[in-house]
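Reviewing the structure listed below.
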Amino acid sequence: MTTTADDIEATILAMADDAQAKTLVRFFKTGPGEYGEGDKFAGVTNPQVRLVVKEAWKTTPLSEAIKLVKNEVHEVRLCGLLIMVEQYLKAQKKKDCETMQTIVDAYLSLHPFINNWDLVDLSAIKIIGNYEVQNPEWKLMDEWIKPGHTLWQQRIAMVATWKLTRDGRSDVCFRRAEVLLANRESLLHKAAGWMLRETWKKGYREELRDFLSKHVKGMPAVMLSYACEQMTDTERKEWQAKRKGK
């Protein structure tokens, strides 16, 4: 039995909740000039989407998942991405390099549709992050992090370092976070701070301190706040004071 994109879209839309959709439209900043401008929501929760994924990912061809990611409805796009995640993880477990490569290539081509922070965060770590761990010579994300790429390309490149830090390559996180210091996008400051916090959690504490010593005075406040979240109150306040020049 094959599950089609139309089947999955119909299942998700059948769970639509107008009141919840209005809340999500506000939460994901879909107004004019905001980062999610024009995005459409059905009002379906992540647990509901995941239930659909659980039932459908094994019987949904990649070509149909791709159609879902191109859908105008946010939750339908999320469903397509999570199906791709499950298929990638299965291929990784089987060491099916051809399928893994096919999924990564599809994911990269779909980046214009991976256009909100939840879509990035729930897919990039497991697809792009795992791929980078397995292919250390692959440098595309070092290009995507640079100015001139979209907000979402840059966020994909930044959050993918979650897996790299756990693989002993925290240097990639620090290098990419440094690129984002001069960026004006708060969503990228948050992503970089989150990933810097992960280096602390995984034992790279002196490395994080070295990074902060070099950059704290020019670091966006929210990036520093996220990066220091796991520190003691005393140390966190010391870094905040240094940022302010005290």
Heavy-atom closest contact (R155 atom, A191 atom, distance):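 For R155 and A191, the tightest heavy-atom pair comes out as NH1-CB, 3.7 Å.
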Member of K126, R176, K139 meeting the salt bridge (Lys or Arg N to Asp or Glu O under 4.0 Å) criterion with E132: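 Among K126, R176, K139, the one meeting salt bridge (Lys or Arg N to Asp or Glu O under 4.0 Å) with E132 is R176.
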Ring geometry between W117 and F27 (parallel below 30°, tilted from 30 to 60°, perpendicular above 60°):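 Geometry flag for W117 against F27: perpendicular rings.
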R243 to W239, cation-pi by 6.0 Å centre distance and 45° axis angle: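 So R243 doesn't make the cation-pi contact.
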Taking the side chain as everything from C-beta on, heavy atoms only, tell me whether [X] gets closer than 4.5 Å to [Y].
X: T199; Y: F211; answer: no
X: I83; Y: E86; answer: no
X: L180; Y: I145; answer: yes

Are a donor atom and an acceptor atom from the side chains of [X] and [Y] found within less than 3.5 Å of each other?
X: Q48; Y: E75; value: no
X: D105; Y: T102; value: no
X: T165; Y: Y204; value: no
X: Q20; Y: T23; value: no
X: Y131; Y: Q101; value: yes
X: N115; Y: R77; value: yes

From I128 atom CD1 to L140 atom CG, the distance as rounded to the nearest 0.5 Å: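 Spacing of CD1 (I128) from CG (L140) equals 8.0 Å.
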All side chain to side chain contact (heavy atoms under 4.5 Å, CB included) counterparts of T232, not counting sequence neighbours: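 In terms of side chain to side chain contact (heavy atoms under 4.5 Å, CB included), with neighbours along the sequence ignored, T232 is linked to T234, E235.
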